[in-house]
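Comments concern the structure below.
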Number of protein chains: 2
Amino acid sequence: MLKYQQIASEIELYIEKHQMQQGEKLPVLETLIKEFNTSKSTIIKALDLLEKKGLIFQVRGSGIFVRRKKRKNYINLLSNQGFQKDLEKFHLSSEVLELEIRKPTEAVAQNLHIDMDQDVYYVKRVRYIEEETLCLEESYYNKAVVPYLNKEIVTDSIFKYIEDGLGLKVGFSDMYMQIGKLTDQEASYLKLKNGEPKLTMESIFYLTNGTAFDYSKLTYNYNQSQFYILGTGI
Amino acid sequence: MLKYQQIASEIELYIEKHQMQQGEKLPVLETLIKEFNTSKSTIIKALDLLEKKGLIFQVRGSGIFVRRKKRKNYINLLSNQGFQKDLEKFHLSSEVLELEIRKPTEAVAQNLHIDMDQDVYYVKRVRYIEEETLCLEESYYNKAVVPYLNKEIVTDSIFKYIEDGLGLKVGFSDMYMQIGKLTDQEASYLKLKNGEPKLTMESIFYLTNGTAFDYSKLTYNYNQSQFYILGTGI
DNA sequence: CAGTGGTCTAGACCACACA
DNA sequence: GTGTGGTCTAGACCACTGC
């Protein structure tokens, strides 16, 4: 682990351990530099990382302050880790409805930046939270990147398999959201009624080298889904 | 303007001007260092800024590549600039329904981190896109930060007034979203029907010094609203 | 193993907050 | 004005990619 990542996670632990609240001040830069026996730039890099994660904010001429999310049980839209971390207090499970190798449709090929004669894995799941439906998920994985999937992997966490099992690194993602009304079929999977509200979220995930490997379309149960974003200003 | 910001915007212009596509390679670091006659760290800082904005991605050992959003007319959830920039091709307008000074409710006081005896400005607007309703907006501004608002300011862009008129700097934001069904009243403002889908988005905006100044609750018309997020990996 | 991006350092100097 | 965070530099060294 890199030095600045190590420092960042130690500061994160420090905040957690001392149960610091929004607006509380962290030690000044000079102190941190001595504490961690490192250079100014490295500390700043560590702090930038924490700022990006929404854990602190820095005010020039004043100090470094803690920032805290105030609501529980919301799903972080900026996390690459799915819901796992945000909903860790709940019992999450998946029911695999389909798992097969296919040729992509035109839309899928376009989203994954591949040709239509390349293979993709198609996975259809319903995800549950505490025995209630959370969302319906249809995913397409580029088989050139993810050469093998089975029911066991797909029932557990696919991303965990990709990172730990295949040794690949997830980089960035494009996400598109819209609101609409459930179709008959979607409603039956989610145990809701035709015409009730839905949130559709399409995501394209890329490896750090820029290869798109996953195009997923999630349809959320409006009763179970709440989201948050910690914006850092652009 | 700082050197690294200047460089970032020049590179951004360069990408735009050459109409570079997703995956196209930018000049290598060494070239950029000479081109802009600066140090390596400064170039890297500029590139980090562009990466945060979702315009490029960097691959160690390989190069710097362009990243492009592929869908038009979606609203960027990570921008502090509201819809203005994403929907610039459309005619946007606001109808002001209410504008008054109030005492906050408990919920509002909590979200703005103020006491219940402090004044807030309450603004209720319907926002239109091409004569269709886009969203219903209820905002509360901390009067200690924004001491004066009038109908003219509120009909135009409030954030523009806060930044340009008052010389304040918007820092970061907390956003919370959920899906539900429109109430009778919301439906009538949005010219939709009771029970139809809605997206509710609550945002708390902070100045760079960490002072919360705006708590807003937006109810979106499900027909008009599409959102995107360019995730950069956390 | 050459090419390329990333980390880390030490230090000078700058800009903003707050009293 | 003092304290505090931010920018910028020059350069050594490290780590990954891909031929």
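All chains are named by letter (A, B, ...) in the order of the sequence lines, taking the proteins before the strands, and each is independently numbered beginning at 1.
Aromatic rings of A:Phe90 and A:Phe83 (six-membered ring for Trp) have centroids beyond the 6.0 Å cut-off, not under it. Between B:Phe213 and B:Phe159, the distance from one ring center to the other falls under 6.0 angstrom.
Atom CD of A:Gln19 sits in a sparse spot, with 12 or fewer heavy atoms from other residues, nucleotides or ligands closer than 6.0 Å.
The residues A:Lys217 and A:Glu138 are annotated as not salt-bridged, no charged nitrogen and carboxylate oxygen being separated by less than 4.0 angstrom. Salt-bridge check for A:Asp174 with B:Arg71: failed, with every basic side-chain N at 4.0 Å or more from each acidic carboxylate O. Between B:Lys103 and B:Asp119, at least one side-chain N (NZ, or NE/NH1/NH2) sits under 4.0 Å from a carboxylate O, which counts as a salt bridge.
Within the structure, a side-chain polar atom (N or O) of B:Thr42 is placed less than 4.0 Å from OP1 or OP2 of D:dT9.
C:dC8 atom P lies 11 Å from atom CD of A:Gln6, rounded to whole Å. Between A:Ile44 atom CD1 and D:dC8 atom P the separation is 12 Å, expressed in whole Å. To the nearest angstrom, P of C:dT4 lies 11 Å from CZ of B:Phe65. Atom CG of B:Asn37 is separated from atom P of D:dA10 by 8 Å (rounded to the nearest Å). In this structure, the CG atom of B:Leu207 is 15 Å from the C1' atom of C:dC16, given to the nearest Å. The interatomic distance linking B:Leu32 (CG) with D:dT9 (C1') rounds to 17 Å, in whole Å. Separating the CG atom of B:Asp48 from the C1' atom of D:dT7 is a distance of 14 Å, rounded to the nearest angstrom. If you take CG of B:Asn209 and P of D:dG6, they are 14 Å apart, rounded to a whole angstrom.
Residue order along DNA chain D, read from the 5' end via each residue's closest nucleotide, puts A:Gly63 first among B:Lys3 and A:Gly63. Both A:Lys40 and B:Leu2 lie close to DNA chain C; mapped to their nearest nucleotides by heavy-atom distance, the more 5′-ward contact belongs to A:Lys40. Comparing A:Leu29 and B:Ser41 along DNA chain D, the residue whose closest nucleotide (by nearest heavy atom) sits nearer the 5' end is A:Leu29. Judged by closest nucleotide on DNA chain C, A:Tyr4 is the one of B:Lys169 and A:Tyr4 placed further toward the 5' end.
When heavy atoms are screened at a 4.0 angstrom cut-off, B:Ile64 is found touching the sugar-phosphate backbone but no base atom. Within 4.0 Å (heavy atoms only), A:Ser62 reaches sugar-phosphate atoms of the nucleic acid but no base atom. Here B:Lys45 lies in heavy-atom contact (under 4.0 Å) with sugar-phosphate atoms only.
With C:dT9, D:dG5, D:dT9 as the candidates, the nucleotide lying closest to the side chain of A:Gln58 is D:dG5. Between C:dT9, D:dT7, D:dA10, one nucleotide has an atom nearer to the side chain of A:Arg60 than all others, and that is D:dT7.
B:Phe227 and B:Tyr220 have perpendicular rings, their planes meeting at more than 60° on a 0 to 90° scale where under 30° would count as parallel.
With B:Gln22 as the partner, the side chain to side chain donor-acceptor pair (under 3.5 Å) test is satisfied by one option alone out of B:Lys69, B:Arg68, B:Lys70, B:Arg67: B:Lys70.
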Each base of DNA chain C marked ( ) or [ ] if paired in-strand (Watson-Crick or G-U under 3.5 Å), | if paired to another strand and . if unpaired gives ||||||||||||||||||.

